[in-house]
Each structure stands twice: as structure tokens, then as C-alpha cells.
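I have placed the structure first, in the form of C-alpha cells, so that the comments after it can refer back to it.
When a ligand or atom number is given, it counts from 1 through the structure's own listing order.
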Amino acid sequence: MPPPPRRQKRSLLNTGGEVALWGDPALAAKLAECLAVDPELRLPFTHGFHTYPARMHPHTAERAIALFGGKSGAVLDLFVGSGTVALEAVRAGRPFTGVDIGAVALEIAWARTRVFRGGEERLVDREGFEIAKRAARFDLRDMPMPDWGTEVESWFSPHTLREIALVLDLIEAVKREDLRRVLRVVLSSVVIRLSKQASDSVTVVDRDWKPWPPRATYRLFSEKCKETAQSLGLLAQDMRDRGVKPVEPEFWLEDARVVKLPKGAFAIGVSSPPYPGTYDYVFHHFLRYPLFGEDPGFARANEIGARREFKKGGDALKKYESDMTQCVKNALDALAPGAPLLLLIGDGRFGTRDVPAADLVRDIANRLGARVPAGASQQRTEWSFGARAGKKAEHFILVTRG
Ligand SMILES: C[S@@+](CC[C@H](N)C(=O)[O-])C[C@H]1O[C@@H](n2cnc3c(N)ncnc32)[C@H](O)[C@@H]1O
């Protein structure tokens with residue numbers, strides 16, 4: 001009998017099929033245009049650099065800013081994640097403020113939005129190559145296991161974990177701080193592949209797991225450094241070619257429910273909030289936090305809509321609704337009068353009940369006296385372990401102050 005197909009470690013990205021329009025036809029058509037993406041298209045610039053569960057498609061972010069954001073003005077994303085909206089705001093030459101409870105997310109977003117000058121992004125490749133070369137010469141028996149290593153050791157073969165610790169040590173010795181930060185994110189981008197974890201969002205041991213051969217960490221890391229340098233180079237080139245001056249984006253490690261934003265300061269808000277009961281971002285990144293010397297406590301305490309909370313039942317759905325109400329209120333207050341808030345949100349599940357996300361956003365808007373002039377809803381295929389698991393809709397919804 002042939003062996004079962006190997007499960008892929010999939011990067012979750014929203015792409016998909018037909019779109020149903022609702023509300024104002026012209027606005028809904030514009031929203032649909034934002035959702036119309038080519039799933040086969042290679043993600044441009046640094047968009048494909050780091051996997052992230054429920055990452056927004058870059059074309060959705062790009063078109064949302066272009067079609068709804070006016071000609072200028074700052075962009076807000078209360079749930080910045082890996083920084084898709086941040087990068088598109090930078091590419092549009094707009095000021096950007098992004099909020100997230102995850103230090104890992106913010107570091108990824110920061111790295112993705114670097115626009116190096118004078119070809120300096122090539123240093124990422126050069127440093128990666130040097131680190132890999134030096135690491136390969138090192139006798140791992142001399143490598144003490146760091147404290148953080150003992151917390152995650154069951155997720156790696158012992159030699160792979162020591163290799164990761166060594167690469168991290170060598171990164172710390174790099175002189176330039178910006179390069180150190182980018183290199184740590186590069187290491188973060190390969191760490192799940194190097195682990196026994198099934199995928200970014202499936203935090204169980206892969207039943208097809210096989211140990212990596214010695215020094216695979218160095219190879220994957222330096223290959224990824226090369227690829228990252230190329231992506232960063234394309235970004236810098238694109239900005240130069242279009243004559244767009246990058247504005248340094250701001251990333252805030254804050255809870256979107258209570259964050260204090262300047263009132264009326266933003267021309268547009270574009271966000272994909274956590275979907276109700278669908279992901280556990282803290283679990284997804286638990287192997288990554290140690291690479292950044294960060295503690296996941298803040299994220300664990302403040303994550304909205306986490307699957308782990310929905311699994312407990314109780315008043316998790318009510319709590320999600322009230323948390324999201326607070327976030328939508330904060331976003332609307334931060335927008336200039338008449339400015340749009342665009343939310344990309346997928347249906348969730350609570351026990352045996354489906355949670356239709358578009359109804360939920362309409363209820364929240366009603367509660368706040370806000371308006372939902374239009375939306376576009378698209379069926380998405382859900383994947384689990386590389387297999388088709390079911391269908392749910394994802395909605396791109398326009399909310400404005402009443
Ligand atoms: C769907 S993801 C955003 C993905 C992002 N648009 C991208 O393209 O990568 C939702 C994000 O919300 C963040 N989040 C959850 N609870 C939060 C809270 N209370 N305040 C701010 N961010 C939160 C999660 O950490 C996660 O990064």
C-alpha cells in the first residue's frame with residue numbers, strides 16, 4: 001500500500017471563490033473588488049515572508065486603502081498581526097499605526113515593513129550566510145541549553161534545538177540592531193518547520209514528523225535570509241520606482257479594547273479582527289516567543305475570541321461581542337468624520353452553533369449607533385492538516401459612524 005500523503009505545513013491565507021454583495025450596490029462592488037484575489041499569485045514583496053494564521057491577502061489591503069482611503073491620511077489597524085495592512089500603508093506612502101497584543105506579531109510586522117536604502121538589505125543575506133557558516137563549524141556539544149530551551153525541548157530533536165539556540169546566539173552578536181531584529185524574524189519564520197508542530201495553526205505533533213538531519217537549521221536559515229533580502233530588495237526598488245517616500249510605521253503593543261488613540265486622526269481603518277473562536281494566537285506562536293526573549297503572558301491574558309475560551313463554552317460568545325464592541329468603538333472614535341472602517345472577518349463556531357460574523361458586526365454597529373452601509377461575503381474553504389475541512393464565509397464589511 002502506498003504511504004499516506006505527507007501533511008503539509010500550510011500557511012493560512014485568505015483566498016477564494018464567489019462573492020455575494022449586500023447593502024449599497026456601488027460600495028459593495030468596491031468591497032468585492034478588494035476580495036477578488038488570485039490565489040495562484042506569488043505574494044509580492046515581503047508579504048510571503050512569514051506565515052501567519054488568517055493573514056489578510058495583500059491585494060485586499062492594497063485596494064482597501066486605494067479605493068476607500070482617500071488620497072492621503074493615516075491608516076489604522078487595531079489587529080495588526082503580521083502587518084499586511086502596515087506594509088500596504090507604507091507602500092502607499094501613508095502614516096500607519098498598528099496595535100496588537102502579540103510581541104511576536106509586531107516584530108514580524110516591523111521586519112516586513114523595512115525599506116532599506118542603498119542596497120543595505122543585502123546585509124541580511126550576508127549576515128545569514130556568515131552565521132550559517134560559523135554555526136556549522138561549531139561543536140554542538142559545547143553549546144549549553146538555554147533556559148528557554150527546556151520549556152520547548154519536547155517540540156524539537158535535541159540537535160535541532162541546540163542549532164536554533166546557536167543561531168540565535170550568533171544573531172545576538174550582529175552589530176546592527178535593525179539587522180538583528182530582521183534576522184530574529186527570519187529564524188522565527190523557519191522555526192515551526194524545524195519543530196514537530198503540525199503547522200502554524202495546528203499546535204499538535206505532526207504524526208508524520210521526522211527529525212531533520214544535522215545542520216538543516218543553518219541551511220534553512222541562510223536560504224530564508226537570502227529570500228528575505230531579495231523580498232526586501234524588491235520592496236525598496238518598488239518604492240524607488242514609484243517615487244514613494246516611506247513613512248516609518250508605528251507599532252503599539254496594546255490591547256485594542258482599551259488602547260488610547262488620538263481622536264479623529266485616521267483617514268481609514270482596515271483590520272481583520274480575531275475570528276470568533278477560530279484561532280489561538282498565543283498557542284500558534286508559543287515556540288516563537290522565546291526567540292524574541294518575550295513572555296506571552298500579556299497576549300494570553302488579553303487575546304479576544306480565542307478558540308480555547310470558546311471551547312469552555314459559558315459566556316465566551318457574549319464576551320467576544322462586548323470585546324469587539326469596545327474595539328470597534330475605539331476604531332470609530334479614532335477615525336476622521338465620515339472615514340471608513342473596513343473589517344475582514346470570518347464566521348466562527350461556538351459549541352454546535354455557527355457564529356455568522358456579518359450579523360455580529362451589524363449588531364455591534366447597531367449597539368454603537370454606527371452604520372453598516374455595505375458588505376461583501378465570500379465562501380472560503382477551510383483547511384485542516386492539508387485536507388478540506390468545511391466551508392465558512394468571510395466578510396469584508398464597511399462600518400461608518402452614524
Ligand atoms: C486575524 S489576525 C490579523 C492578521 C493580519 N491582518 C495579517 O494580515 O497578518 C488577528 C490579530 O488580532 C490580535 N489580537 C487578539 N486580541 C487582541 C487584542 N485584545 N488587542 C489587539 N490585538 C489582538 C491577534 O494577536 C492577531 O494577531
Would you call Asp206-Lys196 a salt bridge at under 4.0 Å N-O?
-> no

Non-neighbouring partners of Asp169 that pass side chain to side chain donor-acceptor pair (under 3.5 Å), sequence neighbours left out = none

Carboxylate-amine/guanidinium contact Glu223 Arg219, below 4.0 Å = yes

Is Arg91 paired with Glu62 through a side-chain N to carboxylate O contact shorter than 4.0 Å?
-> yes

Quick one: do Glu107 and Arg181 make a salt bridge, cutoff under 4.0 Å?
-> yes

Note: Lys224-Glu227 ion pair, threshold 4.0 Å (strictly below) | yes

Show the distances, to 0.1 Å, for all pairs joining an N/O atom of ligand 1 and a protein N/O atom that are shorter than 3.5 Å, listing one pair per line.
from     : atom 1 : to     : atom 2 : distance (Å)
ligand 1 : 6 (N)  : Ser272 : OG     : 2.8
ligand 1 : 8 (O)  : Met56  : N      : 2.8
ligand 1 : 8 (O)  : Thr84  : OG1    : 2.6
ligand 1 : 9 (O)  : Ser82  : N      : 2.9
ligand 1 : 9 (O)  : Ser82  : OG     : 2.7
ligand 1 : 16 (N) : Ile304 : N      : 3.0
ligand 1 : 19 (N) : Asp255 : OD1    : 3.0
ligand 1 : 19 (N) : Asn302 : O      : 2.9
ligand 1 : 20 (N) : Ala256 : N      : 2.9
ligand 1 : 25 (O) : Asp100 : OD1    : 2.7
ligand 1 : 27 (O) : Tyr52  : OH     : 2.6
ligand 1 : 27 (O) : Asp100 : OD2    : 2.8

